[in-house]
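The next block holds one structure in the form of structure tokens; read it before the comments.
Only this structure's heavy atoms are used, side chains among them; waters, hydrogens and symmetry mates stay out. Sequence positions, counted from 1, serve as the residue numbers for this chain.
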Amino acid sequence: TGVLRMAASVWGNPYNQFISRDASSVARTRKLTYLNNLPAFMDEMTDVSDEDMYGLAYTLTGGKEKDKLKSSGDAFVSTGNWSTVSFMTANRSVREAIARKAGTSEATLLRVMEYECDFRSYEDKPEVNRYISTALEALKVNYGLAGPEFMYRLLQKPERLQTLSSRLEHWISENHFTNNERFISNALGLALIAGQWAVEFGLLDYDMEALEAWVLEQFMRENRSVVKDFAESGRDLLSDFIALNSNSMFVVAAKRRPKGCEDPGRSDVGDKYVLSMPRSGVAKLRYCVEEGVLYILSTSLKEYLKSRNTTLNNLQKILEKKGVQLGVDRVALFGGCSYLSSTRSICVVVDAASMRKLGLSLDETVMENQRKERSQQ
């Protein structure tokens with residue numbers, strides 16, 4: 001809280017730039033509109049719901065209020081906008097909360113910069129506590145000076161503003177930021193450039209070169225690592241779906257029942273072709289051991305992916321980047337068994353090569369299902 005108030009004091013009253021964590025989405029956007037180009041601050045967002053945090057990530061970076069119609073319905077209400085950076089603190093990962101709603105959307109997670117601060121406790125250091133208290137008290141009467149002074153000095157050098165965009169683009173390109181990281185790269189680049197100017201104007205005494213090195217080598221490395229952890233991979237999505245639906249897997253020895261391999265015609269009679277029956281009584285997956293091919297009921301997979309805020313089309317695009325192509329075929333999931341339905345359904349096909357590339361092995365699942373069936377018999 002103290003750090004946020006210090007940052008807020010650069011531009012104005014540090015007690016007026018905060019947005020309450022229990023404010024409605026409409027109240028938040030109205031406050032952002034009012035602040036416009038000044039930074040906004042949100043403290044102690046720990047208990048905010050995942051859905052609210054997910055919406056907030058889009059709202060803050062969207063830069064404008066929702067479009068609204070007048071009650072007459074014949075014209076739009078004049079809504080506000082903003083262009084700023086917002087800061088928040090929480091005792092949990094904001095990205096983790098967003099990831100539970102964003103699913104595989106790496107671009108959504110990259111709207112947020114996050115750093116876990118390991119602050120020391122100064123309870124046993126009274127001199128440090130006195131210093132912190134004195135600094136926070138000073139904020140109540142000494143604020144809003146550095147920001148206007150910075151702008152005054154900058155306006156004496158208008159040529160800098162004219163070349164700011166090209167300088168920022170060069171910095172982003174030079175440090176190999178991706179398009180997905182545009183929210184982060186723009187904010188960091190502008191902040192570092194502004195910091196260099198503030199040092200030149202005598203408003204800061206930071207070592208900006210050291211700060212830039214830390215940003216690029218440590219801060220961004222950690223951010224990218226966290227995004228990679230939270231953004232689910234295509235393999236993770238498929239693996240989770242298979243695990244959740246293992247009770248609905250029908251396992252056979254091969255794609256087709258070999259000639260001479262008798263179909264017993266009854267589910268309770270031993271069958272060399274059928275290796276494992278779906279214990280749920282419903283088949284959502286069919287696995288052919290000899291070919292190593294997995295068939296997944298398309299409607300079930302789509303429903304699952306929807307619950308993870310993604311689509312089958314997105315999953316296919318993600319896997320294509322890994323060199324994995326998902327096929328589509330109309331398959332009888334219970335094919336080869338006369339005593340079960342042979343209705344053909346649209347299925348997603350994961351061939352043996354793709355299974356190997358994804359590191360998916362169903363051997364243990366098959367053996368476990370067989371063991372459970374034997375114990376039930």
Side-chain angles (χ1 to χ4, degrees), residues 1-20 28 30-45 60-61 63 80-90 112-115 117 119-120 122 127-168 171-172 183-216 218-220:
T1 303
V3 171
L4 291 189
R5 293 205 190 284
M6 293 283 185
S9 71
V10 170
W11 295 101
N13 189 328
Y15 294 88
N16 289 342
Q17 287 166 255
F18 277 68
I19 298 175
S20 172
R28 284 178 188 149
R30 178 48 51 180
K31 182 82 172 186
L32 287 163
T33 295
Y34 169 73
L35 291 170
N36 194 254
N37 294 105
L38 295 180
F41 299 85
M42 287 162 272
D43 196 19
E44 295 293 348
M45 300 290 281
L60 293 173
T61 54
N81 53 56
W82 57 87
S83 180
T84 187
V85 176
S86 303
F87 300 82
M88 68 175 70
T89 64
V112 177
M113 283 187 285
E114 182 172 278
Y115 193 77
C117 300
F119 289 120
R120 291 175 52 192
Y122 295 105
E127 69 281 4
V128 176
N129 279 309
R130 283 195 298 272
Y131 174 79
I132 293 172
S133 298
T134 302
L136 292 175
E137 283 297 316
L139 291 182
K140 296 178 181 179
V141 294
N142 183 9
Y143 55 79
L145 302 175
E149 178 66 17
F150 173 80
M151 292 305 299
Y152 174 78
R153 299 283 191 92
L154 183 57
L155 291 174
Q156 309 308 306
K157 303 177 184 295
E159 70 281 357
R160 294 195 178 186
L161 293 175
Q162 294 168 6
T163 59
L164 179 57
S165 294
S166 58
R167 179 174 176 178
L168 176 62
W171 184 84
I172 290 172
F183 294 103
I184 291 178
S185 60
N186 278 279
L188 287 176
L190 288 170
L192 289 169
I193 293 170
Q196 291 166 2
W197 290 343
V199 170
E200 180 187 332
F201 300 155
L203 300 173
L204 285 179
D205 61 356
Y206 293 167
D207 182 343
M208 293 306 299
E209 289 186 4
L211 181 58
E212 182 176 10
W214 178 83
V215 164
L216 295 172
Q218 184 170 331
F219 182 80
M220 279 309 303

Is any side-chain heavy atom of [Y] closer than 4.5 Å to one of [X]?
X: Asn142; Y: Leu145; result: yes
X: Ile19; Y: Met88; result: no
X: Leu4; Y: Thr1; result: no
X: Phe219; Y: Met113; result: yes

| said: Listing request: all salt bridge (charged side-chain N to carboxylate O under 4.0 Å, His left out) pairs with a residue in residues 131-150, at least two apart in sequence or in separate chains. | reply: Glu137-Lys140, Glu149-Arg153
Rounded at 0.5 Å granularity, tell me how far [atom1] in [X] sits from [atom2] in [Y].
X: Leu60; Y: Leu32; atom1: CG; atom2: CG; value: 6.0 Å
X: Arg28; Y: Met42; atom1: CZ; atom2: CE; value: 7.0 Å
X: Glu127; Y: Ile132; atom1: CD; atom2: CD1; value: 10.0 Å

| task | Show the numbers, then the answer: is there a side chain to side chain contact (heavy atoms under 4.5 Å, CB included) between Val10 and Phe150? | result | CA-CA 10 Å; Val10 170; Phe150 173 80; over 6 Å; no
Heavy-atom pair of closest approach, residues [X] and [Y]:
X: Ser185; Y: Ile172; value: OG-CD1, 3.7 Å
X: Asn81; Y: Gly63; value: CB-O, 3.0 Å
X: Thr84; Y: Ala40; value: OG1-N, 4.4 Å
X: Leu35; Y: Pro39; value: CD1-O, 4.0 Å
X: Pro14; Y: Ala8; value: CA-CB, 3.8 Å

| note | Applied to residues 5-18, the side chain to side chain donor-acceptor pair (under 3.5 Å) test, sequence neighbours excluded, yields Asn13-Tyr143
| message | For Glu212 and Trp171, which I'm curious about, is there any donor-acceptor pair between the side chains at under 3.5 Å? | response | yes
| message | Tell me every residue that passes side-chain hydrogen bond (donor to acceptor under 3.5 Å, both in side chains) with Ser20, counting only those two or more places apart in sequence or in another chain. | response | Asp22
| query | Taking Thr89 for the side chain and Glu44 for the main chain, is one N or O donor matched with an acceptor at less than 3.5 Å? | reply | yes
| Asn36 side chain vs Trp82 backbone, donor-acceptor pair below 3.5 Å | no
| note | Residues passing the ring pair (Phe, Tyr, Trp, His ring centres under 6.0 Å) test with Tyr152, sequence neighbours excluded, are none
| Partners passing ring pair (Phe, Tyr, Trp, His ring centres under 6.0 Å) against Phe87 (at least two apart in sequence or in another chain) | Phe41
Could you tabulate the donor-acceptor pairs under 3.5 Å formed by side-chain atoms of residues 190-206, not counting sequence neighbours?
residue, atom, partner, partner atom, Å
Gln196, OE1, Arg167, NH2, 2.6
Glu200, OE1, Arg160, NH1, 3.0
Glu200, OE1, Arg160, NH2, 3.0
Glu200, OE2, Arg160, NH2, 2.7

